[in-house]
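What follows is a set of notes on a single structure, which appears directly below.
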Amino acid sequence: MTSTLTDSAFLQACRGERPAHTPVWFMRQAGRSLPEYLKIREGTAMLDSCFRTDMVVEITMQPVRRHGVDAAIFFSDIVVPLKAIGVDLDIVPGTGPVVAEPVRSAAQLAQFRDVEPDDVRTITDAVTALVGELGSTPLIGFAGAPFTLASYLVEGGPSRDHRLTKQLMYSDPELWHALLGRMAVIAGQFLRMQVEAGASAIQLFDSWAGHLSLADYETYVKPHSTAVLESVADLGVPRIHFGVGTGELLHAMGDAGADVVGVDWRVPLDDAVTRIGPGRAVQGNLDPTTLFAPTEFVHARAAEVIEAGRAAEGHVFNLGHGVLPATDPDALTRLVDFVHAYQPSDA
Ligand code: CP3
């Protein structure tokens, strides 16, 4: 890593330092809020675009050019490593990942083989190209956490209540742990390949973990998320761990081995810092729907987020979940400018 990259505001904040300005990026910054994204995606299916080096590079760069965010997140999806090893699934527009044969039996686990470098060559090529193009702007690699991946595999698609997932978890713990164990290996391998190709941080998305009680999270999920984060510990890049509705799980998610805990908008960051405990930075947490309010309101709320974030050893500004597709991209650019210019009261 070059010194300017190492000293970037984003990596400083991830390490628990206080950079000159609060770094900001947005989950789902690459995507349907951008007209240039809609244009380049015309005629190419979502999953096909994730395996095209040129499209991954261009779509990843779009929000960096337009908004001047402090980090890029590589354009892909949590189900891409599963697609890469041949799992029969698709991403249906307006719905999300849909799996042809939902996982119900131990015999089905054989399809979840290790990810080999050749399976994702077009993707790691994109990461390498991006790192060159980004210069001192860090690239975040990512993977889906075992629980969130398993939820799609067991339900067969998105679920409101995760009923079938929990049914498997409670009724066949042996199969459950075998499935999550495989997801942990696959997620870990995919993250390692991204970092080895040049990504300078990783984020583990456990988007649906907030549907679990703390006790169930500890018993059925945390050991596997810990295994993923542990498997990339030797790479020395910051590890961000994020989920939605995880107010009761924040400490456990940090304890799983995160350097940075992503917080959704329900818990103020100073409260989140108390829950998480010392030694970890935080990322978040403006409600993504705030961006539909008048600019003065957005900026007042953003100031509150930054002030609350001062309780943390390091704070990366983000939304509490992904950018909604209907968001006005100019509101995002204005927010980046505001976060960069804002001087916290204790600075
Ligand atoms: O953040 C970024 O800019 C990087 C790209 C990214 C995508 N998916 C692109 C995408 C990332 C980090 C993801 C992660 C992802 N995918 C998660 C975890 C993050 C979160 O939002 O909680 C989850 C749960 C998924 C599964 C998934 N894939 C969903 C729910 C959807 C949306 C379905 C829809 O059409 O509303 C997708 C598709 C998807 N992934 C799109 C994008 C840009 C939309 C595809 C399109 O343009 O049609």
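Counting convention: from 1, in listed order, for ligands and their atoms alike.
D255 and K222 are joined by a salt bridge, as a carboxylate oxygen and a charged side-chain nitrogen come within less than 4.0 angstrom of each other. Salt bridge E36/R65: absent, no basic N to carboxylate O contact under 4.0 Å. One finds no salt bridge joining R334 and D337 here, because no Lys/Arg side-chain nitrogen approaches an Asp/Glu carboxylate oxygen to under 4.0 Å.
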Which N or O atoms of ligand 1 sit under 3.5 Å from a protein N or O, and how far apart is each pair?
unit_1	atom_1	unit_2	atom_2	d
ligand 1	1 (O)	R28	N	2.6
ligand 1	3 (O)	Q29	N	3.2
ligand 1	3 (O)	A30	N	3.0
ligand 1	3 (O)	A30	O	3.3
ligand 1	8 (N)	R28	NE	3.3
ligand 1	8 (N)	D77	OD1	3.0
ligand 1	16 (N)	R28	NH2	3.2
ligand 1	16 (N)	D77	OD1	2.8
ligand 1	21 (O)	R28	NH2	3.3
ligand 1	21 (O)	H321	NE2	3.1
ligand 1	22 (O)	S207	OG	2.4
ligand 1	22 (O)	H321	NE2	2.7
ligand 1	28 (N)	D77	OD1	2.7
ligand 1	35 (O)	R32	NH1	3.1
ligand 1	35 (O)	R32	NH2	3.4
ligand 1	35 (O)	G94	N	2.7
ligand 1	36 (O)	R32	NH2	3.0
ligand 1	40 (N)	D77	OD1	2.8
ligand 1	47 (O)	Y37	OH	2.7
ligand 1	47 (O)	R41	NH1	3.0

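Aromatic rings of F142 and F190 (six-membered ring for Trp) have centroids beyond the 6.0 Å cut-off, not under it.
Within a 6.0 Å radius of CD in E248, no more than 12 heavy atoms belonging to other residues, nucleotides or ligands are found.
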Problem set entry | Steps toward side chain to side chain contact (heavy atoms under 4.5 Å, CB included) verdict (H21, V339) | CA-CA 8 Å; H21 68 264; V339 172; over 6 Å; no
